[in-house]
2 protein chains.
Amino acid sequence: MRDAKNSDPAVPETMLAELQAIIEKQIPMCGHMGIRIHACDQQGLALSAPLDRNLNHQATAFAGTLNALCTVTGWGTVFLLTRMHTLPGDVVIRRSAIKFLRPVTSTTIIARCKPIDEDDRQHFVEMLAAKGQAKLDLRVEIADQNITAVAFHGSYVVLNRGT
Amino acid sequence: MRDAKNSDPAVPETMLAELQAIIEKQIPMCGHMGIRIHACDQQGLALSAPLDRNLNHQATAFAGTLNALCTVTGWGTVFLLTRMHTLPGDVVIRRSAIKFLRPVTSTTIIARCKPIDEDDRQHFVEMLAAKGQAKLDLRVEIADQNITAVAFHGSYVVLNRGT
């Protein structure tokens, strides 16, 4: 079962369940990484992955997993936003940048998407409704021992391909 | 067995075997992704991963795998460079940026590191020998149907921690 702590009443449990199912079942590598919804609240969507499955040869978290976890956390944030506004479209990542500030050694790795600025959210929703496509830039961070260890920026596009 | 086509006589087979062993055995997620040495020649180190293990929910290559494959290809390039010059030190990625230009649908995904500029290589080796640490910026690309589909820049640091 999903272990999400959904304290944001705006996001229904069914949408979180749909997101978890896509991550876990339709993207096999996310299943291998053990990526799960950790929380969805006013602080944004947070996804987790266990360290033990995602070690590198230095016994810290593998950079590829850290990047993937941030990528999917941003992706999931945009996915939920489109579902919340019942806007059709595929969410695609266009570009991203990441800084590895310190090694991650927490038993559970948690990536959290920073809340979307209200103006950006509104512009995104309006563009998607009016033009059938829209872009959203997101910030995702992974903390280790309460200090930012990974800082990620991702640019996501939603395309309504008319399906 | 490793399927590398090593046409660069400067890189001994034993070093490629060591790199493959680290990737496959010491970074479990790379093993799951099926990352292998594809080639190592004058065009640079190339690593591959099979598409079928690395699909997303749209039946194209998962962005997380594409990023990890590029990350490890750059990492492996720096690893081989330090080994070639018998310079001790841990190779660490500090930051990277990636552009997803088009979906990747090739059965075998191949990431290739662009050859290092000779001046950059020399500066890197001198700095590492003299100061015990050095930085190298690398470009890695993934082509699909002979067109660049993913463009990656990574900044790697080698630290001689005195071990």
Side-chain angles (χ1 to χ4, degrees), chain A residues 18-19 21-35 49-75 79 90-103 150-157 159 161 163, chain B residues 18-19 21-35 49-75 79 90-103 150-157 159 161 163:
Chain A
E18 186 188 1
L19 174 60
I22 293 174
I23 291 173
E24 205 169 303
K25 301 193 175 125
Q26 295 189 42
I27 311 176
M29 209 44 63
C30 289
H32 281 302
M33 290 175 183
I35 296 180
L51 178 66
D52 58 1
R53 289 195 196 187
N54 293 290
L55 289 167
N56 63 17
H57 61 297
Q58 305 281 359
T60 65
F62 170 48
T65 293
L66 297 174
N67 218 330
L69 187 62
C70 290
T71 300
V72 177
T73 303
W75 184 90
F79 173 86
D90 298 328
V91 183
V92 175
I93 184 162
R94 275 285 186 258
R95 65 181 68 201
S96 67
I98 192 164
K99 289 182 192 170
F100 301 97
L101 304 168
R102 45 191 288 148
V150 176
F152 171 98
H153 286 80
S155 185
Y156 297 83
V157 172
L159 298 169
R161 296 183 171 124
T163 54
Chain B
E18 187 188 359
L19 175 60
I22 293 173
I23 291 172
E24 206 169 303
K25 300 191 176 126
Q26 295 189 41
I27 311 175
M29 210 42 66
C30 289
H32 282 302
M33 290 175 183
I35 296 181
L51 178 66
D52 58 2
R53 289 195 196 187
N54 293 290
L55 289 167
N56 62 17
H57 61 297
Q58 304 280 0
T60 66
F62 170 47
T65 292
L66 297 174
N67 219 330
L69 187 62
C70 290
T71 300
V72 178
T73 302
W75 184 90
F79 172 85
D90 298 328
V91 183
V92 176
I93 185 163
R94 275 287 186 256
R95 64 181 70 200
S96 67
I98 193 164
K99 289 182 192 171
F100 301 97
L101 304 168
R102 46 190 286 147
V150 176
F152 170 98
H153 286 78
S155 185
Y156 297 83
V157 172
L159 298 170
R161 295 182 171 125
T163 54

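When reading the values below, keep in mind they use all heavy atoms of this one structure, side chains included, and skip hydrogens, waters and symmetry mates. Naming: A, B, ... by sequence-line order, numbering from 1 per chain.
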For residues Y156(B) and C70(B), report the shortest heavy-atom separation together with the two atoms involved. OH-O, 3.9 Å
For chain B, which candidate among N67(A), I98(A), V72(A), T71(A) shows the most heavy-atom pairs at distances under 4.5 Å? I98(A)
Engaged part of I22(B) at the chain A interface, taking heavy atoms whose separation is under 4.5 Å: side chain
Can you list the residues that meet the side chain to side chain donor-acceptor pair (under 3.5 Å) rule with E18(B), with sequence neighbours excluded? R83(B)
Using atom types as modelled and distance alone, determine if a side-chain donor or acceptor of N54(B) lies under 3.5 Å from a backbone N or O of F62(B). no
Among A59(B), A97(B), G64(B), which has the most heavy-atom pairs under 4.5 Å with chain A? A97(B)
Tell me which of these, R53(B), M33(B), Q58(B), H32(B), has more heavy-atom pairs under 4.5 Å with chain A than the rest. H32(B)
What one should report as the nearest heavy-atom pair of V91(B) and W75(B) is O-NE1, 2.9 Å
Neighbour count above 12 (heavy atom, 6.0 Å) for R95(A) CZ: no
As an exercise: rank V92(A), T65(A), N56(A) by heavy-atom pairs under 4.5 Å with chain B and give me the winner. N56(A)
Heavy-atom pair count under 4.5 Å with chain A, highest-scoring of K25(B), H153(B), H57(B): H57(B)
Under the side chain to side chain donor-acceptor pair (under 3.5 Å) test, which residues partner S96(B), sequence neighbours left out? none
The interface call for V150(B) against chain A, heavy-atom contacts under 4.5 Å, is neither
